[in-house]
Amino acid sequence: MPSPLRVTLPALLAAGVGIAAFGQPPPAQPAPDQQESQQEIQDRLADRAHRIAAEGETAGEKARRAIAAAGRLPRDEAAAPVGRLVRRTLVDEVLGEQQEALGIPHAPPSSDAAFLRRATLDATGLIPSPEAVRAFLADDAPDKRARLVDELVGSQEFAEQWAWFFGDLFRLAHQVGPVRNPFQSWIKEWLTTDRPYDEVVRDLLTGVAKAHGSVPSLAFLARSHQAKSRIVMGPDDYSIHNRLDAIDQFNVDVSRVFLGINTSCISCHDGAAHLEPLNEWLSKRTREEFYRHSAFMGNARQITTWDDRSKNVVVDLLVDDLAKGYDTGDDAPYHTLSEGRFPRLEGLAYEPAFLLTGETPEPGENPRDALGRMLTEHPQFARATVNLVWGKLMTVAFVEPYNSFDLDRMGRLAAGEDDPLPSRPLNPELMEALAEDFQDSGFSFWHLVKTIMKSETYGLSPHVDGDWDDAWTGYYPRRYVRVLTGPELVDSLARATEVPTEFSFAGTTVERVKELTTPSDLGGRRGRGEGAEVDALMQSFFQSNRMTPAPVGNRGSILQALLMMQSGVVNRRVSSESGGRVADLLASEMGESDLVNELFLGTLGRLPTAAEAELGAERVAADRQQGTQDLQWALLNSPEFLLNH
């Protein structure tokens with residue numbers, strides 16, 4: 001428990017951003033004496049679904065929250081004059097010209113200590129060690145920031161950080177097959193070798209296997225196999241599985257992740273008279289077009305394996321291309337009626353056509369191969385990928401939420417026409433330039449990450465002198481800070497205190513959250529050791545269970561503050577009885593000032609200011625053990641630790 005010496009920090013996440021707003025109240029329901037027709041019920045439910053789909057911060061709202069958070073941080077900038085933005089990568093070429101043309105001032109470069117912490121967190125999900133801080137600050141080479149990025153990208157920790165990102169994005173919640181979630185290991189492998197991303201995505205769409213657990217990439221397809229509502233009655237009972245629902249859900253997931261388009265609404269009805277306020281392009285799309293896009297998977301047969309002991313276990317699926325197509329009239333032996341969407345028109349068969357172009361497979365071409373080809377060759381694939389990575393590294397994506405692209409609006413912007421809608425995508429010129437460069441690089445994920453992280457723009461301070469104009473948001477003249485994610489927080493807590501977490505995984509013990517494969521590996525309430533407490537802390541910092549949509553990120557909350565102050569995950573690690581950094585410092589003959597320096601370096605990645613050093617030394621001198629524990633606790637609970645800035 002905190003001692004009376006500890007600084008009271010009830011608004012620890014004032015850094016962040018305030019308390020997340022509660023959702024809107026549900027729409028009014030009709031009075032009991034009012035009878036709704038079936039169509040009226042469907043329209044009411046659809047309207048509610050559209051409102052839910054539209055929820056989420058715009059890019060401008062996200063930037064304003066990040067700017068407010070920066071105001072809680074001490075200024076920490078390089079002593080360099082602010083002038084013309086230095087051109088280091090394509091990012092600076094585009095933004096520098098725009099800022100000069102519009103007279104937009106940019107922030108100074110961040111300090112070396114701030115850059116080291118920022119880049120290490122973004123690339124690996126960990127804070128830098130004190131040794132890394134000292135070495136980086138002592139390095140006088142002008143290219144040391146670029147060399148740091150080269151060292152981080154492609155490392156084991158880099159693969160773990162981004163594999164977790166993709167695991168959340170794909171919403172892969174469970175182990176797959178007889179091997180403990182090989183999909184996550186497969187992601188780490190292609191991240192470590194920088195396999196072309198278009199090849200990776202084609203693998204996700206085209207895998208075939210007797211049991212999908214033997215082909216990791218098939219886990220994404222199996223993710224859509226969730227229409228289990230009845231008990232399997234025997235090895236020949238296929239009624240548990242609505243194949244068309246699973247195919248439709250896969251279609252939605254593919255469009256959401258790889259095209260940045262939310263097609264959920266048109267899976268149930270035409271877009272006209274529904275989606276005009278949300279998305280002009282989708283308002284012109286029909287449910288038939290959605291079915292034809294789903295029909296690329298129409299030959300994909302997914303058969304649940306039978307287990308005589310557990311009967312209805314569906315860990316493995318047999319996946320092949322021997323189904324008869326997308327036929328709503330006769331999908332035997334599978335269950336045909338829709339379970340997750342409004343009923344389809346029965347008795348209709350649909351041939352595949354790509355949603356964005358209407359293109360159909362070439363004669364003799366496997367439809368799934370055709371989908372992989374069309375999707376990865378279309379410019380929207382590169383745009384959507386760039387938008388995801390830019391949003392992760394720069395906090396505010398070009399299009400927010402990431403699956404809300406409106407292709408009609410993108411077309412008008414590309415043609416130089418005015419956009420009459422207020423939620424204009426941020427900087428389409430830079431997004432297009434990055435997308436083309438990503439494609440020209442052979443879809444190198446490393447190249448994309450390095451192009452962003454090596455830019456002068458990425459290394460700017462979060463502070464801008466003078467007044468701020470919201471119109472500058474899309475020109476990125478400052479760093480937008482963000483709250484740490486759940487895995488980043490827990491793994492960095494362990495590194496800061498040198499008291500590792502320990503999780504039982506696949507017959508061994510691992511010390512980092514991101515060495516696991518899914519949040520369920522923590523064990524939840526059934527977890528041994530710290531599993532349940534870590535799970536609760538991570539959930540408060542935006543970690544989803546991967547079955548339901550992720551919570552809104554980059555918001556501070558009272559729950560976060562309470563858990564950081566009271567959770568055993570934190571308080572055990574600041575106690576000298578747990579060993580680690582506090583115990584080592586207390587056992588040393590180090591003076592108060594040096595002890596304070598070590599705590600600041602290990603937790604915040606910088607040395608204390610004169611005032612911080614004086615106050616810290618006074619507390620440690622008054623009670624060496626309690627003062628050291630209190631200082632470690634206060635630093636972990638500070639905005640500087642909880643934010644990536």
Side-chain angles (χ1 to χ4, degrees), residues 121 123-127 129 154-193 211-220 222-223 310 313-316 484-548 550 563 567-570 572-573 578-580:
L121 271 168
T124 70
L126 295 162
I127 58 172
S129 67
S155 66
Q156 176 184 346
E157 292 80 8
F158 172 83
E160 291 173 358
Q161 166 82 340
W162 287 89
W164 197 274
F165 170 80
F166 281 105
D168 284 342
L169 185 66
F170 296 158
R171 293 194 291 145
L172 293 168
H174 301 299
Q175 75 175 66
V176 177
V179 181
R180 189 75 167 176
N181 204 343
F183 183 80
Q184 203 78 357
S185 299
W186 180 76
I187 296 178
K188 292 177 184 178
E189 181 181 7
W190 67 256
L191 285 166
T192 302
T193 60
H212 76 257
S214 65
V215 178
S217 62
L218 277 170
F220 189 44
R223 170 65 176 79
S310 54
V313 171
V314 290
V315 171
D316 288 320
L484 299 186
T485 66
E488 290 171 343
L489 174 70
V490 174
D491 287 345
S492 293
L493 272 170
R495 173 167 282 191
T497 59
E498 293 189 339
V499 180
T501 49
E502 293 185 357
F503 305 105
S504 178
F505 176 72
T508 187
T509 299
V510 299
E511 296 185 345
R512 291 191 298 275
V513 169
K514 291 185 292 295
E515 290 181 283
L516 305 173
T517 61
T518 75
S520 62
D521 290 333
L522 294 168
R525 294 179 181 177
R526 299 181 300 275
R528 297 179 179 177
E530 292 187 307
E533 289 179 295
V534 169
D535 192 18
L537 188 60
M538 284 176 50
Q539 287 184 49
S540 75
F541 282 85
F542 330 120
Q543 179 60 60
S544 74
N545 61 9
R546 295 186 176 175
M547 295 293 290
T548 55
L563 288 177
S567 173
V569 178
V570 179
R572 277 191 296 273
R573 283 174 171 73
S578 298

K.L.:
Just so I know, are the side chains of Phe505 and Thr517 near enough to count as touching, which here means a heavy-atom distance under 4.5 Å?
P.N.:
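In contact.
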K.L.:
Side chain to side chain contact (heavy atoms under 4.5 Å, CB included) for Arg572 and Val499? Distances and angles first, verdict last.
P.N.:
CA-CA 9 Å; Arg572 277 191 296 273; Val499 180; over 6 Å; no
K.L.:
Quick check: closest heavy atoms across Gln161 and Leu121, and the distance to 0.1 Å?
P.N.:
NE2-O, 3.3 Å
K.L.:
Taking side-chain hydrogen bond (donor to acceptor under 3.5 Å, both in side chains) as the test, write out the residues that go with Glu189, two or more places apart.
P.N.:
none
K.L.:
Tell me, please, which residues at least two apart from Glu488 pass salt bridge (Lys or Arg N to Asp or Glu O under 4.0 Å).
P.N.:
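Salt bridge (Lys or Arg N to Asp or Glu O under 4.0 Å) list for Glu488, sorted by chain: Lys392, Arg482.
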K.L.:
State, with a plain yes or no, whether a side-chain heavy atom of Met538 is found less than 4.5 Å away from one of Val513.
P.N.:
yes
K.L.:
As an exercise, state the distance from CD of Glu533 to CG of Leu563, rounded to the nearest 0.5 Å.
P.N.:
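The CG atom of Leu563 is 9.5 Å from CD of Glu533, to the nearest 0.5 Å.
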K.L.:
Nearest 0.5 Å please: distance from the CG atom of Asp491 over to the NZ atom of Lys514.
P.N.:
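Asp491 CG to Lys514 NZ: 3.5 Å, rounded to 0.5 Å.
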K.L.:
Nearest 0.5 Å, what's the CZ-NZ distance between Phe166 and Lys188?
P.N.:
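Between Phe166 CZ and Lys188 NZ, I get 14.0 Å after rounding to 0.5 Å.
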K.L.:
Locate the shortest heavy-atom distance separating Glu530 from Val569; write the atom from each residue and the value.
P.N.:
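For Glu530 and Val569, the tightest heavy-atom pair comes out as OE2-CA, 3.9 Å.
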K.L.:
If every non-hydrogen atom of Gly125 is compared with every non-hydrogen atom of Ser492, which pair is closest and at what distance?
P.N.:
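Where Gly125 meets Ser492 most closely, the heavy atoms are O-OG, 3.7 Å.
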K.L.:
Please walk me through it: do Leu516 and Trp164 pass side chain to side chain contact (heavy atoms under 4.5 Å, CB included)?
P.N.:
CA-CA 9 Å; Leu516 305 173; Trp164 197 274; 4.3 Å; yes
K.L.:
Which heavy atom of Glu515 sits nearest a heavy atom of Val510, and at what distance?
P.N.:
OE1-CB, 3.6 Å
K.L.:
Could you go step by step and tell me if Thr485 and Phe165 meet the side chain to side chain contact (heavy atoms under 4.5 Å, CB included) rule?
P.N.:
CA-CA 10 Å; Thr485 66; Phe165 170 80; over 6 Å; no
K.L.:
For Trp186 and Phe183, take the angle between the two ring planes, folded into 0 to 90°, and tell me which bin it lands in: parallel under 30, tilted 30 to 60, perpendicular over 60.
P.N.:
tilted
K.L.:
Taking atom types as modelled and ignoring hydrogens, do the side chains of Glu160 and Gln156 form a donor-acceptor contact shorter than 3.5 angstrom?
P.N.:
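Yes.
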K.L.:
Could you tell me which non-hydrogen atom of Pro519 sits nearest to which non-hydrogen atom of Ser544, and how far apart they are?
P.N.:
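That would be CG-O, 3.5 Å.
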K.L.:
Hey, are Asp168 and Gln543 close enough side-chain-wise for a donor-acceptor pair under 3.5 Å?
P.N.:
yes
K.L.:
Please report the closest heavy-atom contact between Thr501 and Glu511, naming both atoms and the distance.
P.N.:
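Taking every non-hydrogen atom into account, OG1-O, 2.7 Å.
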K.L.:
Is a donor on one side and an acceptor on the other found under 3.5 Å between the side chain of Arg512 and the backbone of Val490?
P.N.:
no
K.L.:
Working to the nearest 0.5 angstrom, can you tell me the gap between Arg546 CZ and Leu169 CG?
P.N.:
10.0 Å
K.L.:
Rounded to the nearest 0.5 Å, what separation is found between the CG atom of Leu489 and the OG atom of Ser540?
P.N.:
7.5 Å
K.L.:
What's the spacing between Leu191 CG and Trp162 CH2 if we round to 0.5 Å?
P.N.:
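So the CG of Leu191 and the CH2 of Trp162 are separated by 9.0 Å.
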